[in-house]
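Scope of the values below: all heavy atoms of this structure, side chains included, with no hydrogens, waters or symmetry mates.
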Amino acid sequence: MISLLRRPRGGVYPDNRKARTRTLPVWNAAVPPRSVVPLLQHAGDASIPVVRVGDRVREGMLIGRAAGTMGANVHAPVPGIVTGLRTLTLADGRRCEAFVIDLEGEFDRLGKHTDPYDWDRASVRELLRRIGDCGVVGMSGSGIPVHRKYRLPRGKEVDHLIVNGIENEPYLSADYRLMVEMTDGVLEGTRIAERILKPLRVTIAVQADSTAAASGLRQRIRERGLGYAVRCLPRNYPQGDEKLLARAITGREVPTERSTVEIGVMVSSVATVHAVFEAVAYEKPSIERVLTLSGGALRTPANVKARIGTPVADLIAECGGFAAMPEKVVIGGPMMGYAIADVSTPVTKGTTAVLALTTREIHHGSETPCIRCGRCVRACPVGLEPTLLYKMLEHHEYVEARDTGLFDCIECGCCGFTCPAHIPLVEGIKNGKNAARTAKERS
Amino acid sequence: MSDLHSAPGSARVTLTQTAAPQFHERISTQSIMWTVCAALLPAAMWGCYVYGFAALLVLATALFASVATEVLITRSHKTLCDGSAVLTGLLLGMMMPPTAPWYVVVTAAVFAIGVVKWSFGGLGSNWMNPALAGRVFVQFSWSGPMTRWVMPRTLDVDSVAAATPLSLVQNAVNAGDLLLTGASDYLSGIGFPRSALDSGVTEWLNHNLLARVSVHLPPGYVDPFVGNVPGSLGEGSALLLLLGTVVLFGKRIITWEIPTAFFCGFAGLTWLLGGVPYGSGLFSGDVLFHLVSGSAILVMFYVATDPVTSPMTTAGMLVFGAGAGIIAFLIRAFGGAPEGAALALLFMNACTPIINRVVRPRRFGYRMGSSR
């Protein structure tokens with residue numbers, strides 16, 4: 001009854017399954033002997049290659065230049081020789097070119113200490129330039145280049161900056177470890193974002209069960225005299241969604257098909273602000289990230305800092321390989337992540353986790369007819385009727401689907417997760433969005 | 001890296017590639033249906049015990065006829081696995097009088113599965129609850145056999161034939177009697193049998209618990225609560241039915257909305273207007289008597305919460321439940337039949353598509369004035 005009363009509208013409560021990795025400190029994964037670096041690790045167009053096969057690259061050297069408005073720079077994660085440029089299918093199904101780099105030569109950055117840049121006196125333009133140069137993108141999957149996101153449209157202001165430490169997908173604990181172990185980096189990144197955006201208030205949002213992270217952050221905030229609030233939110237998936245989080249913290253609702261800037265809110269994940277900090281203070285390009293390796297099939301789960309371009313297979317091998325037969329290997333969380341067919345798929349800037357899941361963990365069931373129970377409707381955090389949308393899209397009624405809110409779907413996975421008939425609602429709606437766009441272009 | 005592709009004791013690993021979400025809540029249509037069956041079972045067993053072998057036959061006939069109809073129509077046994085045909089059979093049997101003739105039971109089952117469920121396309125496509133529709137269909141077709149009741153063996157009386165408390169009260173009201181002291185006292189007055197359990201538990205409650213809040217419980221409520229009254233096979237024991245709902249609530253198979261709204265609509269109106277036909281005026285209805293008598297509990301928790309025929313949104317479910325509760329009361333108090341819950345629910349089943357159209361969830365991002 002208590003959970004009923006506290007429960008905000010919609011959402012689901014999947015098993016947490018974080019216990020195996022929560023307490024594990026982040027360690028550095030081995031540098032891969034051969035890395036595969038996709039030129040598309042962000043929202044926009046693929047980057048333009050600026051090195052050629054056979055070229056020698058240094059650690060952190062630019063290998064792909066940002067293209068278009070939503071492009072981002074791509075850097076060599078390791079020193080070595082470019083031995084190939086091949087077409088790759090990313091976990092999310094997009095196809096792009098990827099550089100293959102064979103490790104060779106010395107590391108320029110690894111293990112070397114440099115003094116941080118005194119960014120307090122730098123201009124906003126300079127801060128954004130540094131972030132853009134380093135190719136920092138949204139680290140929790142959105143892939144939106146941060147220097148674009150932080151450059152506000154003319155006439156728009158942000159009065160509330162929210163640093164998102166919610167991470168409420170099951171298994172994931174990378175952001176939590178980041179907050180616990182790299183508290184100062186997160187706070188410093190927040191200060192940089194604050195400097196750029198000039199909000200009136202800054203809130204760091206964490207899950208109610210992340211007590212260690214919350215108390216650590218509060219302590220450092222107090223010690224450093226920062227005026228940031230730390231808010232603990234109940235464990236309701238998908239509380240970490242940008243728009244839902246903005247509403248939970250500020251009470252304001254983003255109008256349909258707009259961004260949070262519309263209501264004066266900017267949301268950035270802790271991993272992103274940490275990357276911002278490293279980019280601005282040390283000019284460190286986005287060449288590594290913290291991610292969780294977990295799942296019942298993995299022998300020793302871990303939180304690791306891995307180089308971008310590391311094949312997933314290398315990481316699994318470093319964690320002792322499979323202890324049980326995996327049914328799926330998932331890139332990202334189990335609610336929104338992608339199951340991959342090939343474990344040579346590389347880690348990219350947006351990879352929050354690699355999960356090896358056994359059959360027992362996924363509770364697979366075969367599809368049966370819809371019983372109109374409405375569980376999907378009550379689970380939908382944005383107030384859609386997924387079963388209705390699914391049926392409309394099955395009949396190619398794109399105009400009706402659009403009017404029923406097709407493009408308001410945030411693809412959080414709640415409906416598909418809770419459907420007793422195991423209907424692939426999310427898949428149907430995702431495909432339907434593409435089909436609806438195509439249908440509109442044609443007409 | 002090739003060793004990575006083999007897990008211990010097996011050949012190459014083949015990975016399944018599916019769209020998100022990558023894992024699922026531990027629930028399925030099957031598990032819902034079979035769990036509801038299991039939750040109903042104690043009350044059904046109780047019915048078979050107190051009303052004897054005839055009741056067991058009725059239940060078995062209902063189950064067999066439902067399953068057989070399902071198999072005949074689908075020409076396969078595959079859909080039996082989802083448990084919906086067994087659930088329909090079980091519910092139907094439980095809503096039958098314990099002495100219902102076999103042809104009545106079979107007709108009800110064939111109508112439920114053949115007409116109500118499969119003529120619309122099977123599970124998920126029907127707009128009325130099959131068991132409920134089957135029961136109401138034979139109610140109007142064979143009103144004689146459908147109102148013939150027997151005394152439970154737990155009441156120590158000689159006569160076998162009996163009338164339900166609700167119908168006795170209805171007859172009295174129709175005859176123009178004033179039941180100023182309430183339905184339960186009226187039944188005591190005409191010598192309606194009570195078990196020793198009833199007087200014992202009532203006395204204990206009055207002495208130990210209710211005395212402290214200065215409330216006095218008259219005799220005659222414990223018997224219908226545990227199921228010591230003449231009535232339908234599985235509707236009698238409110239206690240066992242309520243126990244079953246603990247499982248259903250715990251597994252989140254049913255949610256609070258429909259039962260709560262039904263309760264509020266039904267109990268609220270009973271309290272407000274229930275005394276009017278008895279001549280005792282407003283705010284004097286016997287809520288407890290009406291709740292534990294007849295099919296109120298079974299309908300409220302098990303039939304009204306049928307996922308297929310109830311609305312999808314929380315608000316819609318509240319409207320649906322309240323509507324069913326209100327109409328159930330109106331039929332009981334002012335209609336021609338002693339029992340109204342089944343008919344009321346059937347009416348609300350018919351309203352469900354309209355409720356689904358009218359009561360929609362509020363979409364995120366469409367609040368007026370939320371943009372700056």
Side-chain angles (χ1 to χ4, degrees), chain A residues 4 12 14 243 252-256 258 262-264 313 316-317 321-330 334-341 343 357 361-365 368-374 377-378 380-385 405 408 411 413 416-418 420-422 424 426-427 430, chain B residues 1-10 13-33 79 81-82 84 121-125 127 252-253 255-257 306-314 316-317 352 356 360-367 370-372:
Chain A
L4 260 177
V12 292
K243 294 178 179 182
R252 302 175 209 154
E253 202 168 296
V254 183
T256 170
R258 298 292 180 81
E262 201 72 23
I263 53 162
I316 293 171
F322 296 130
M325 187 73 140
E327 173 77 26
K328 292 178 182 177
V329 171
V330 176
M335 295 297 283
M336 293 182 75
Y338 301 93
I340 53 171
V343 283
L357 304 178
E361 282 170 292
I362 58 180
H363 308 140
H364 174 75
T368 51
C370 171
I371 55 167
R372 293 182 298 174
C373 58
V377 177
R378 296 190 294 279
C380 182
V382 291
L384 303 180
E385 292 150 291
D408 291 316
E411 298 173 12
F417 172 76
T418 197
H422 291 252
V426 187
E427 192 180 359
K430 272 188 190 174
Chain B
M1 257 169 266
S2 60
D3 58 317
L4 267 180
H5 281 281
S6 56
S10 68
V13 175
T14 33
L15 297 174
T16 314
Q17 229 184 338
T18 46
Q22 305 297 349
F23 81 150
H24 200 278
E25 198 172 344
R26 202 188 292 257
I27 195 158
S28 64
T29 306
Q30 266 188 39
S31 71
I32 291 178
M33 297 297 169
T79 55
C81 306
D82 66 31
S84 62
L123 176 63
S125 303
W127 59 275
R252 288 174 185 268
I253 284 172
T255 46
W256 60 275
E257 292 94 343
D306 170 22
V308 182
T309 52
S310 61
M312 300 200 284
T313 58
T314 299
M317 286 156 87
T352 297
N356 275 338
R360 308 289 281 269
R362 195 185 70 76
R363 272 149 71 186
F364 186 96
Y366 291 81
R367 189 154 68 192
S370 66
S371 66
R372 302 192 320 159

Legend entry - A/P420 and B/T29, any side-chain heavy atoms less than 4.5 Å apart: yes
Inset, instruction - Applying side-chain hydrogen bond (donor to acceptor under 3.5 Å, both in side chains), name anything that partners B/T18, two or more places apart in sequence or on another chain. - result: A/K328, B/Q22
Inset, instruction - For the pair B/R363 and A/E385, find out whether any cationic side-chain nitrogen is under 4.0 Å from an anionic carboxylate oxygen. - result: no
Legend entry - Sub-4.5 Å side-chain heavy-atom contact between A/I371 and B/L123: yes
Inset, instruction - Below 4.5 Å from any heavy atom of chain A, which atoms of B/I27 appear? Answer side chain, backbone, both or neither. - result: both
Inset, instruction - Can you tell which part of B/T309 gets under 4.5 Å to a heavy atom of chain A, answering side chain, backbone, both or neither? - result: neither
Inset, instruction - Can you tell which part of B/S310 gets under 4.5 Å to a heavy atom of chain A, answering side chain, backbone, both or neither? - result: backbone
Legend entry - Closest heavy-atom pair and its distance - A/A341, B/Q17: CB-OE1, 3.4 Å
Inset, instruction - Among the options A/G383, A/G374, A/G416, pick out the one with the most heavy-atom pairs lying under 4.5 Å from chain B. - result: A/G383
Legend entry - CA sep, side-chain torsions, deciding dist, call: A/H422, B/S28, side chain to side chain contact (heavy atoms under 4.5 Å, CB included): CA-CA 7 Å; A/H422 291 252; B/S28 64; 3.9 Å; yes
Inset, instruction - Supply the atom-to-atom distance A/H364 NE2 to B/H24 NE2, rounded to the nearest 0.5 angstrom. - result: 9.5 Å
Legend entry - Separation between CG of B/N356 and CZ of A/R372, rounded to the nearest 0.5 Å: 8.0 Å
Legend entry - Contacting moiety of A/V377, where chain B heavy atoms sit under 4.5 Å: side chain
Inset, instruction - Heavy-atom distances under 4.5 Å only: say whether A/M336 touches chain B with side chain, backbone, both or neither. - result: backbone
Inset, instruction - Could you tell me which non-hydrogen atom of A/K243 sits nearest to which non-hydrogen atom of B/F364, and how far apart they are? - result: O-CZ, 3.7 Å
Inset, instruction - Could you grab the distance from atom CZ of B/R252 to atom OG1 of A/T418, nearest 0.5 Å is fine? - result: 9.5 Å
Legend entry - Pairwise side-chain contact, A/C373 with B/V308, heavy-atom cut-off 4.5 Å (strictly under): no
Inset, instruction - Provide the closest heavy-atom pair for A/G413 versus B/P21 in the form atom of the first, atom of the second, distance. - result: O-CG, 3.5 Å
Legend entry - Partners meeting salt bridge (Lys or Arg N to Asp or Glu O under 4.0 Å) with A/E411 (sequence neighbours left out): A/K433
Legend entry - Closest approach of B/F23 to A/F417 (non-hydrogen atoms, all atoms of both residues): O-CD1, 3.5 Å
Legend entry - Donor-acceptor pair, side chain of B/R26 and main chain of A/H363, under 3.5 angstrom: no
Inset, instruction - Apply the test side chain to side chain contact (heavy atoms under 4.5 Å, CB included) to residues B/L15 and A/E327: give CA-CA distance (whole Å), side-chain angles for both, the deciding distance (0.1 Å), then the verdict. - result: CA-CA 6 Å; B/L15 297 174; A/E327 173 77 26; over 6 Å; no
